[in-house]
Amino acid sequence: MKICVLGANSAIALACIERWAQAGHSLYLVARNGEALKRNSQDLSVRYDRPFPSEIMDLDLLDQHEAVLARAAAALQGLDLVFMAHGALGNQTQDQTNWPAIHANLTTNFLSCASLATHAATFFEQQGHGSIAVIGSVAGDRGRPSNYIYGSGKGALAIFL
């Protein structure tokens, strides 16, 4: 299987990457933190004796989503799965009176995922096959005063998906 992992430095993504690498799947890793991404992809390459192409990208840059998926498909010579494991909890107490911080949180936790899912769905529809998997959060299932910004983004994502 040929898999593009978005948010490849998250703990959940790394656990999945490890299993997929063990099973021999081809992976294209995308993450914001370049230092951690380089370290993780090099470690995988050494342990599994094959390349793990990677790309540094801030997934909040919505206008770059179609291109990153195209680069993943080109590097892997196809694409079967897009796996999204990115997100940001933020700081509810600090952010709740700061609209730019709320907007940034909603961009990361909802808009970027909705955009990526839309581009992936279009790509897979044209290709004739493919799957999209997205890590959500129980915080999106019910509103809570302690994290309603994060929860509303994840709730919107769950409804969108």
Side-chain angles (χ1 to χ4, degrees), residues 1-91 94-95 100-124 127 130-140 147 149-150 153-154 156-158 160-161:
M1 191 162 41
K2 300 170 183 181
I3 306 166
C4 176
V5 181
L6 303 161
N9 290 331
S10 80
I12 293 173
L14 288 170
C16 293
I17 289 165
E18 183 68 31
R19 288 182 184 252
W20 288 326
Q22 287 173 356
H25 299 298
S26 299
L27 299 162
Y28 188 86
L29 311 177
V30 180
R32 179 177 20 212
N33 182 329
E35 194 172 296
L37 181 63
K38 181 179 179 181
R39 184 177 56 252
N40 292 331
S41 62
Q42 286 178 343
D43 175 63
L44 289 164
S45 293
V46 168
R47 287 190 295 124
Y48 295 101
D49 195 29
R50 64 179 195 270
F52 286 82
S54 63
E55 175 176 343
I56 301 164
M57 181 180 172
D58 181 347
L59 294 170
D60 286 354
L61 301 174
L62 307 181
D63 62 338
Q64 296 181 25
H65 289 173
E66 186 175 15
V68 74
L69 295 175
R71 287 189 297 272
L76 299 177
Q77 298 179 337
L79 200 54
D80 302 305
L81 172 65
V82 170
F83 179 70
M84 288 181 245
H86 69 285
L89 185 58
N91 183 316
Q94 290 178 0
D95 296 348
I102 293 169
H103 185 267
N105 190 291
L106 293 174
T107 297
T108 298
N109 293 308
F110 171 59
L111 295 175
S112 68
C113 296
S115 171
L116 286 160
T118 300
H119 288 295
T122 301
F123 177 86
F124 289 143
Q127 177 177 269
S131 298
I132 302 166
V134 182
I135 301 295
S137 174
V138 69
N147 68 349
I149 298 169
Y150 174 79
K154 291 299 187 175
L157 178 60
F160 181 85
L161 294 170

Min side-chain heavy-atom separation [X]-[Y] under 4.5 Å:
X      : Y      : result
Leu116 : Met84  : yes
Asp80  : Phe124 : no
Leu37  : Ile56  : yes

What are the two closest heavy atoms between [X] and [Y], and how far apart are they?
X      : Y      : result
Ala36  : Asn33  : N-OD1, 3.0 Å
Leu27  : Pro53  : O-CD, 3.3 Å
Thr107 : Leu62  : CG2-CD2, 4.5 Å
His25  : Met1   : ND1-N, 2.9 Å
Ile132 : Ala121 : CD1-N, 3.6 Å
Ala8   : Leu14  : O-CD2, 3.3 Å

* Passes side-chain contact (heavy atoms from CB on, under 4.5 Å), Cys4 versus Leu69? Steps please. -> CA-CA 8 Å; Cys4 176; Leu69 295 175; 4.3 Å; yes
* Apply the test side-chain contact (heavy atoms from CB on, under 4.5 Å) to residues Leu106 and Leu111: give CA-CA distance (whole Å), side-chain angles for both, the deciding distance (0.1 Å), then the verdict. => CA-CA 6 Å; Leu106 293 174; Leu111 295 175; 5.5 Å; no
* **Under 3.5 Å donor-acceptor, Ser45 side chain and Arg50 backbone** =>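 Between the backbone of Arg50 and the side chain of Ser45 there is a qualifying donor-acceptor contact (under 3.5 Å).
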* Apply side chain to side chain donor-acceptor pair (under 3.5 Å) to Arg47 and list each qualifying residue two or more places apart in sequence or on a separate chain. =>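 With neighbours one apart ignored, the set is Glu18, Asp43.
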Atom pair [atom1] ([X]) and [atom2] ([Y]), whose distance is rounded to the nearest 0.5 Å:
X      : Y      : atom1 : atom2 : value
Ser26  : Gln77  : OG    : CD    : 9.0 Å
Leu81  : Tyr28  : CG    : OH    : 15.5 Å
Arg32  : Ser10  : CZ    : OG    : 11.0 Å
Gln64  : Ser112 : CD    : OG    : 12.5 Å
Thr118 : Glu66  : OG1   : CD    : 11.0 Å
Leu44  : Gln22  : CG    : CD    : 10.0 Å

Do [X] and [Y] meet the criterion of a side-chain donor-acceptor pair at a distance under 3.5 Å?
X      : Y      : value
Asn109 : Asn105 : yes
Asn40  : Asn9   : yes
Asp60  : Thr108 : yes

* Asked: Is it true that atom CG of Leu161 has more than 12 heavy atoms of other residues, nucleotides or ligands lying nearer than 6.0 Å?
  ->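 More than 12 heavy atoms, drawn from other residues, nucleotides or ligands, come within 6.0 Å of this atom.
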* Asked: Can you pull the ring-ring contact (aromatic ring centres under 6.0 Å, His included) pairs that have at least one residue in residues 35-88, sequence neighbours excluded?
  ->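 Of all non-adjacent pairs touching residues 35-88, those that pass ring-ring contact (aromatic ring centres under 6.0 Å, His included) are Trp20-Phe83.
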* Quick one: do Phe123 and His119 satisfy side-chain contact (heavy atoms from CB on, under 4.5 Å)? Show the steps, please. => CA-CA 6 Å; Phe123 177 86; His119 288 295; over 6 Å; no
